[in-house]
Amino acid sequence: MRDNKSTSSSRASSPVQLEATEKMKQVKTRLQLVDLAGSECVGMSGVTGAALRETSFINRSLSALADVLGAIAEQRAHVPYRNSKLTHLLQDSVGGDAKLLVMLCISPGQKYLTESMQSLGFGTRARQVQRGQVKKKNFPVPSKGK
């Protein structure tokens, strides 16, 4: 005759073991807040020297980001992340299973209409990016050695 206490269940884990397993999982997230400055009309700002050079770099980086967003929106096979340091650094935030939120600051003044319209165009391209639902990834928590 078999002793019922020594028999094992055909189930893989009991509820107590399942709770212990759930406690050992860890979810890693990343939040990146990036101030992209904004494109500047060089003629309107009147910048010269080092500021002009910086403005040029900002405009090129924003153009590269717009290219990346366009490639993702059109679901192209190649997304040009490496065309800019900015897009290369933001690859995890823009592509894959990340969530992206773009906030635009525009001016209601007539003087800044061109820049405001360019910003809204950028926002429209960013909004066209459609991706699947974000998947939660669980990583095991390293056990603490005693």
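All values derive from a computational prediction rather than experimental measurement. Just the heavy atoms: all of them, side chains too, but no hydrogens, waters or symmetry mates, feed the values below. If you read the sequence from its start, that first residue is 1, and numbering goes on from there.
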Listed partners of [X] passing side chain to side chain contact (heavy atoms under 4.5 Å, CB included), at least two apart:
X    : result
L52  : V42, V47
S107 : Y112, S116
S61  : S84, L86

d(E115 CD, L120 CG) to nearest 0.5 Å is 12.0 Å

Output the rest of the hydrophobic cluster of F57: all Ile, Leu, Val, Met, Phe, Trp and Tyr residues reachable through side-chain heavy-atom contacts under 4.5 Å, sorted by chain and number. none

With sequence neighbours left out, what residues match R82 under side chain to side chain donor-acceptor pair (under 3.5 Å)? none

S56: which residues meet the side chain to side chain donor-acceptor pair (under 3.5 Å) condition with it, sequence neighbours left out? R60

Can you give me the closest heavy-atom contact between [X] and [Y], atom names plus distance?
X    : Y    : value
L104 : S119 : CD1-O, 3.3 Å
Y81  : T87  : O-OG1, 2.5 Å
R125 : L69  : O-CB, 4.4 Å

F122-M117 co-clustered via ILVMFWY side chain contacts under 4.5 Å: yes

Please determine whether residues I106 and L113 belong to a single hydrophobic cluster, defined as Ile, Leu, Val, Met, Phe, Trp and Tyr linked transitively by side-chain heavy-atom distances below 4.5 Å. yes

Are V94 and L65 close enough, and set up right, to give a side chain to side chain contact (heavy atoms under 4.5 Å, CB included), and what steps lead you there? CA-CA 9 Å; V94 175; L65 182 58; 4.3 Å; yes

